[in-house]
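These notes are about the structure you will find just below.
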Amino acid sequence: MRLEEIRTAEAAFHMPTYGRQPVALVRGEGCRLWDTGGREYLDFVSGIAVMSVGHSHPKVVGAISEQAAALTHVSNLYYTEPQVRLAARLHGLLGWGKTFFANSGAEANECAIKLARRWGGGEPRIEVVSALGSFHGRTIATLAATGQPAKHAAFAPLPPEFRHVPYGDLRALDSAVGEHTSAVLLEVVQGEGGVVPAPPEYLRAARRLCDERGALLIFDEVQTGLGRTGRWFAFEHAGVTPDIVTLAKALGGGLPISACIARDDVAAAFRPGDHATTFGGGPVVCFAACAVLDVIESEHLVENAREMGERLVAALRARACPGVVEVRGLGLLIGVELAGDWAAAIVEAAREDGLLVNSPTPSVLRLAPPLVVSAAEIDRAAGLLADLIERRGEEES
Ligand SMILES: Cc1ncc(COP(=O)(O)O)c(C=O)c1O
C-alpha cells in the first residue's frame, strides 16, 4: 500500500488515539529504517527506547523463528523452559528477585502496584506516592499513578489512592509518605516527562524514607532499564536498590514483554490466583528476550550506550546555540531542552532530512537511538540537529 492509502485506511478503521507522523515504515536494519517510498531514515527514536539491539538483529530474528517453529504459545497453567531461563537471567543481572512477566510497561507497573498492596496487607496501606511529571502507563491504575493531571482530566474520577509530589522535592516526599503508603513509585529518569534525571541524593533519601516508614520503593525502569542509561539499571547510577523494579521496552527486542521483579520476600506476598495473564511470559518472547540479553552482553552495548551517549551530549553541547537551554540525560536517553515550543517543528524538519527523533514535551527533543549506534551515526545526527536548532533559533531572535 502507498502512504496515502494507509493513512486513509487508518482514519477509517483505527481508533483516533495516535498523533502520527506522516510516514509508513516497512523495513529496519540496525539503526536504519525504510518507508513505503524506499526512503531511508536514521532512527533516533528506536520504538521509543525499545530497539536497543537495533532493528532485525539476526540473533533475535533467529531466536524468534526457532522458538515459533518449536512452540509458540501455551497457557501459564504449564511450565516452559524459556520463561524460567529468562527469569533466572534477570535474577543474575540484578543479583536478587523473582519475576512476573506481562506484556507492556503499564501491566508491569499494575503488577507492582497490586503486589505492594498485597505485601502491605491492605487497609490502611493502600496508597501509592508518585511524582509529578511521571509516566507509568494508561490503564486506570497506572494512569492514576502518572503525575500528569492533563492526562487524567478526560477519565476522572480515577482511583483516589494515588498521591503526587513534585519530582526531586524531598520535603514533599517526606510529608506524603506515611502509614497509608504501600509504595513510592519513581522513574530514575522521567522519560515522557521530558528526559529529567532524578538527583541521586533524592533517590537515596526516598530509599531511607521507605525503610523508615515501612513502604516499598518501586523503580519504573520501563524506559531506562537494560543498558539504555549506560548501566544495566539506571538506579545503579545512584547506588540505590529498589524493592521492586519494572522493565519492558528493551526486553523483547521489539516483541511485547514486560517484567515486574521483586525482592524474594516481597514476591512471596502473592498467592496462586492473585495475578495472571494469558500471554505474559510466552515461550517466543522469552526466548527472544534471552537472545536480546545475550546480544547486549556480547556486543558490550551497555558500554556503548555510555560512550555514545557522552559523545552525543558533547557534540550537542559543543554546538550550543541560543536555541538550546540544556542538553541532559543519562547514556543514550538524552533530552534537548529548546528555548521555545519548537520541538514538533524540529522533529518534522529532521524527518525531512532523514533523521527520526521525537518530542515528549513541546520544548524537549528526546534522542534514544538503538544502543548499537556507531560514532559516525552519532556525529551525523548531532550535526543535523544542531544545524536545525541553530537555524530555528536565528529565525526566532
Ligand atoms: C517509564 C514508563 N513507564 C510505563 C510506560 C508504559 O509502557 P507501555 O506503553 O508499554 O504500557 C512507559 C511508556 O512509555 C514508560 O516510559
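All ligand and atom numbering here is 1-based and tracks the order in the structure.
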CZ/Arg207 to OH/Tyr202 distance, rounded to the nearest 0.5 angstrom? 14.0 Å

Note: Arg89-Glu297 ion pair, threshold 4.0 Å (strictly below): yes

With no hydrogens and no angle check, just 3.5 Å: does a side-chain donor-acceptor pair link Thr8 and Glu5? no

Can you confirm whether the side chains of His237 and Thr229 place a donor and an acceptor under 3.5 Å from each other? yes

State, without any angle test, whether Gln83 and Thr80 hold a side-chain donor-acceptor pair at a distance under 3.5 Å. no

Can you name the residues that form a side chain to side chain contact (heavy atoms under 4.5 Å, CB included) with Leu255, not counting sequence neighbours? Ile64, Val284, Val285, Ala288

Could you pull out the N/O contacts under 3.5 angstrom between ligand 1 and the surrounding protein atoms?
unit_1	atom_1	unit_2	atom_2	d
ligand 1	3 (N)	Phe135	O	3.3
ligand 1	3 (N)	Asp220	OD1	3.3
ligand 1	3 (N)	Asp220	OD2	2.7
ligand 1	10 (O)	Gly105	N	2.8
ligand 1	11 (O)	Gly105	N	3.4
ligand 1	11 (O)	Ala106	N	2.8
ligand 1	14 (O)	Lys249	NZ	3.2
ligand 1	16 (O)	Gln223	NE2	2.8

